[in-house]
Amino acid sequence: MACSRHLFAKKGNSSKPTDDLPAGRSVSNLYMIALFQQTNYWVILSIGLIVGYLSGLLGKGGSAVSTPALQIFAGVNPFFALASPLPASITSTISATAVYSKEKLFDKRVIGLGALFGVPATVVGAFFSHYLKGETLMICTALFIMSIGTTLLISFLKKKNVEVEADQHFHKGLMILAATGIGLLSGLLANAGGVLFSSFFIKRLRMPIKQALACSIVLSAILSIPGAIAHWYLGHIDWNIALLLSVTAIPSSYLGAKTAVKMKTPLLEKVFACTLIVFGLYDIIYTVFS
């Protein structure tokens, strides 16, 4: 929190929003006044609105999109832009979960194993993020996501417009490996892992897409909690940014989930695959040229 007053400033801007505030204010009031004096707060609210909707629609936490967006459009310090979206991911994914729960799309075995092995892996990954450079890892992850999106799009375009039946044999070992790997990446990159989980469920477990999105968004919420705690402990989170993102992400995530539930499966599949390709390309361009 001590760094909150300058997070929205571009490099080279030494202005301090709290310098002209009246004396006698509490520290919390000073932070809130400073927050809403910033010219970019509406940009952060807009980012929360868009990312929240995508979160509910595509079963993801949204950190992979909000982190570069905060740096590019709101001028947020890169260090805080990485992890500050995590608390907002928790609230937005819980909001979307309320929609998916009404449709009875959850697979308790998948969610249970994903949480059991993904949570500790996320904590380990978060602490290693303090020592490792993330640029190469982000590019590799983005390339992986793009490849998944491309193969899924090809398969979705080739198949007939019918619902896909889930694989009746539960691959417990494969699920454990995936949860551990995705958890490590989530901790390292300060995101919720929703895109990787949903892609894995569709590609490897052959889940119908709506069930895959429902399960991945629950796991995104669960993995965001230890990730947020670990990064808060390391001093990576600015709670003012997290609050602004949550304000608009909560209702928009709910709306995104409602859209996904009502959308026809063939269309949702193509939207999901195309979004993976766009997100992967977006992350690569941002990482290389930032």
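All values reported here derive from a predicted model rather than from experimental measurement.
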_Would you say that M175 contacts L205 through its side chain, given a criterion of any heavy-atom pair below 4.5 Å between the two side chains?_
yes
_I'd like to check H236 versus L86 (side-chain heavy atoms, cut-off strictly below 4.5 Å). Are they in contact?_
no
*For M263, the option from T259, V261, T265 that meets side chain to side chain contact (heavy atoms under 4.5 Å, CB included)*: T259
_To check you understand the geometry: which heavy-atom pair defines the closest contact between C215 and D107, and what is its length?_
SG-N, 3.4 Å
*Can you measure from CG (L153) to OG1 (T150) and round to the nearest 0.5 angstrom?*
7.0 Å
_Residues E269, I202; criterion side-chain contact (heavy atoms from CB on, under 4.5 Å); working and verdict_ = CA-CA 10 Å; E269 289 174 339; I202 295 169; over 6 Å; no
*Answer whether the closest heavy-atom distance between the side chains of Y100 and V218 falls below 4.5 Å.*
no
*Where is the tightest heavy-atom contact between A260 and G56, given as atom of each residue plus distance?*
CB-O, 4.3 Å
*Smallest separation among heavy atoms of I94 and A221, with atom names*: CG1-CB, 4.2 Å
*Report yes if the side chains of F73 and I44 come closer than 4.5 Å at any heavy-atom pair, otherwise no.*
no
*Does the side chain of F201 come within less than 4.5 Å of L219's, by heavy atoms?*
yes
*side-chain contact (heavy atoms from CB on, under 4.5 Å) between S55 and T93, intermediate numbers included*: CA-CA 7 Å; S55 172; T93 50; 3.9 Å; yes
*Steps toward side-chain contact (heavy atoms from CB on, under 4.5 Å) verdict (T248, S46)*: CA-CA 7 Å; T248 48; S46 300; over 6 Å; no
*State, with a plain yes or no, whether a side-chain heavy atom of F272 is found less than 4.5 Å away from one of L213.*
yes
*Do you know which two heavy atoms are closest between I209 and L268, and how far apart they sit?*
CD1-O, 3.7 Å
*Measure the shortest side-chain to side-chain distance between S84 and L245 over non-hydrogen atoms and say whether it is less than 4.5 angstrom.*
no
*Heavy atoms, side chains only, cut-off 4.5 Å: are S252 and I50 in contact?*
no
*Which atom pair, heavy atoms only, marks the closest approach of S186 to L223?*
OG-CD2, 4.0 Å
*Quick one: closest heavy-atom pair of M207 and V110, and the distance?*
CE-CG2, 3.5 Å
_When you compare the side chains of Y254 and S92, does any donor N or O come within less than 3.5 Å of an acceptor on the partner?_
no
